[in-house]
Amino acid sequence: MTSFTVLDTKKHKNTRVMTGRGAKFGENIHLVPVVAAELNKLVLEYPVCLIKDNETGQFGLRALLGFEVGENLFLNEDQWAANYIPLHIRRQPFMVAVNSPAGAKPTPENTVITINMDNARVQEEEGELIFDDKGNTTPYMNEVNNQLATLVNGMIQTEAFIKTLSEYDLIEAVQLTVSFNHEDKRFDGIYTINEEKLKKLSPEVLTDLHQKGYLQACYLLMASIGHVQKLITLKRKYLTQNKNN
């Protein structure tokens with residue numbers, strides 16, 4: 001259940017946010033939305049791929065955390081086995097809402113910050129205060145504001161990046177088959193960049209992609225897929241521990 005409300009100095013003067021990690025905060029997910037601006041950090045930890053929305057047909061950028069719904073192989077109780085945690089996870093329980101007519105794209109000028117009052121992190125007993133005694137945002141909330149600003153800009157940039165990939169027909173499906181407990185499992189719906197088509201683009205197009213930062217993003221995206229093996233290792237370790245228990 002979610003109940004987002006616009007952040008208000010008076011209404012939320014006593015509201016606190018717990019900043020710990022764990023499944024109790026909804027972090028046991030196998031796919032997390034990410035933005036292209038994070039790729040240089042994500043590539044060091046996670047497989048990142050493109051996932052198609054079956055209803056809209058649109059692609060979105062996602063970090064792969066597990067192989068099953070509700071499975072985050074990087075989460076070990078209240079600790080992440082990673083040095084970088086995606087912005088979408090860290091910005092919880094806050095979200096950006098568009099304060100404009102329906103269908104308007106989010107921008108720093110037309111957005112407001114909202115908070116999910118039903119989120120397990122939100123309470124008044126412990127955690128980080130959002131506002132201080134004078135009604136100013138706390139250092140914690142200032143950091144959240146920076147994260148949300150990065151996300152808003154990042155979503156716009158990522159949408160443009162993916163649109164460009166589609167225009168040049170650079171998106172291809174990944175055939176992913178893994179073996180757990182001597183049983184092969186095939187995972188569909190994962191996409192990445194077709195390297196051969198990328199290489200065959202004209203020098204003019206490649207220069208344009210480079211100037212926009214898209215060329216680097218393509219290679220970071222392709223490189224990150226190698227972390228699927230890391231994910232397989234984590235999954236096998238998890239299965240072995242559960243079997244022994």
Side-chain angles (χ1 to χ4, degrees), residues 29-69 71-74 82-89 105-106 150-180 183-236:
I29 55 176
H30 75 301
L31 284 171
V32 59
V34 296
V35 293
E38 297 181 272
L39 279 172
N40 61 337
K41 298 182 180 69
L42 293 167
V43 71
L44 302 175
E45 308 274 2
Y46 312 96
V48 183
C49 56
L50 292 151
I51 299 291
K52 181 185 285 188
D53 186 311
N54 291 328
E55 293 183 2
T56 66
Q58 299 297 311
F59 285 99
L61 206 56
R62 301 287 186 271
L64 188 61
L65 308 181
F67 294 102
E68 314 287 345
V69 174
E71 176 181 75
N72 182 350
L73 295 169
F74 291 90
N83 293 315
Y84 179 79
I85 299 175
L87 281 170
H88 178 76
I89 297 292
K105 297 292 185 182
T150 301
L151 273 177
V152 170
N153 290 324
M155 287 187 292
I156 297 169
Q157 295 164 358
T158 302
E159 185 177 333
F161 169 57
I162 293 174
K163 182 180 179 181
T164 300
L165 296 181
S166 296
E167 287 175 353
Y168 290 108
D169 193 28
L170 296 175
I171 300 174
E172 70 170 356
V174 175
Q175 300 300 319
L176 180 59
T177 303
V178 298
S179 178
F180 300 128
E183 179 184 350
D184 288 341
K185 276 195 172 186
R186 177 174 172 173
F187 296 91
D188 297 312
I190 298 174
Y191 297 80
T192 189
I193 306 296
N194 185 312
E195 186 173 6
E196 290 306 311
K197 287 185 178 180
L198 181 64
K199 290 178 178 179
K200 291 178 180 178
L201 293 175
S202 70
E204 293 78 15
V205 171
L206 288 172
T207 298
D208 181 57
L209 294 181
H210 171 68
Q211 291 175 343
K212 291 177 178 177
Y214 294 172
L215 190 58
Q216 181 190 38
C218 285
Y219 280 102
L220 289 173
L221 192 54
M222 288 187 290
S224 76
I225 289 294
H227 284 305
V228 167
Q229 186 56 53
K230 175 181 178 181
L231 210 60
I232 292 171
T233 300
L234 289 171
K235 175 75 170 183
R236 287 173 177 165

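Starting from 1, each residue takes its place in the sequence as its number. Since the structure is predicted, the reported quantities are computational estimates derived from the model, not experimental observations.
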Between M222 and E195 the two heavy atoms that sit nearest each other are SD-CB, 3.6 Å
With sequence neighbours left out, the residues meeting side-chain contact (heavy atoms from CB on, under 4.5 Å) with N83 are E45
For N54, does the CG atom have more than 12 heavy-atom neighbours from other residues, nucleotides or ligands under 6.0 Å away? no
How many angstroms lie between atom CG of L198 and atom CG of L206, to the nearest 0.5 angstrom? 6.0 Å
Can you list the residues that meet the side-chain hydrogen bond (donor to acceptor under 3.5 Å, both in side chains) rule with K163, with sequence neighbours excluded? none
Which residues pass the side-chain contact (heavy atoms from CB on, under 4.5 Å) test with I51, sequence neighbours left out? L31, C49, R62, I190
What distance do I225 atom CD1 and L64 atom CG have between them, rounded to the nearest 0.5 Å? 8.0 Å
Please collect all ring-ring contact (aromatic ring centres under 6.0 Å, His included) contacts where either partner lies in residues 188-229, sequence neighbours excluded, each pair once. F59-Y191, F161-Y214
I need the full list of salt bridge (charged side-chain N to carboxylate O under 4.0 Å, His left out) pairs touching residues 216-227, with sequence neighbours left out, sorted by first then second residue. none
How long is the span from the OG1 atom in T164 to the CG atom in L215, to the nearest 0.5 Å? 12.0 Å
Any non-hydrogen side-chain atom of V174 less than 4.5 Å from a side-chain atom of V228? no
Would you call F180 and R236 a side-chain contact if the rule is heavy atoms closer than 4.5 Å? yes
In chain order, what residues pass the side-chain hydrogen bond (donor to acceptor under 3.5 Å, both in side chains) check against D208, with sequence neighbours excluded? K212
K200: salt bridge (charged side-chain N to carboxylate O under 4.0 Å, His left out) partners, not counting sequence neighbours: none
Can you list everything that forms a side-chain hydrogen bond (donor to acceptor under 3.5 Å, both in side chains) with E71? Sequence neighbours excluded, please. K235
Run the side-chain contact (heavy atoms from CB on, under 4.5 Å) test against N194 and tell me which residues pass, sequence neighbours left out. E172, E196, K197
Among all residues two or more places apart in sequence or in another chain, which pass the side-chain hydrogen bond (donor to acceptor under 3.5 Å, both in side chains) test with E167? none
Atom OG of S166 and atom CD of Q58: how far apart are they, to the nearest 0.5 Å? 7.5 Å
Tightest non-hydrogen contact, residues G66 and L73, listed as CA-CD1, 4.1 Å
Using every non-hydrogen atom in the two residues, find where L231 and L65 come nearest and quote the distance to one decimal. CD1-O, 3.5 Å
For V43, give me all partners under side-chain contact (heavy atoms from CB on, under 4.5 Å), at least two apart in sequence or on another chain. L220, A223, S224
Calculate, to the nearest 0.5 Å, the distance between atoms CG and CD1 belonging to L50 and I193 respectively. 5.5 Å
Sidechain-backbone polar pair: E38 side chain, V35 backbone, donor-acceptor under 3.5 Å: yes
Scan L61, L151, L39 and name whichever one has a side-chain contact (heavy atoms from CB on, under 4.5 Å) with V34. L61
Shortest non-hydrogen contact from T177 to D184? CG2-CB, 4.2 Å
Sequence-distant partners of Y84, ring-ring contact (aromatic ring centres under 6.0 Å, His included), two or more places apart: none
Using 0.5 Å steps for rounding, measure from the OH atom of Y46 to the NZ atom of K41. 12.5 Å
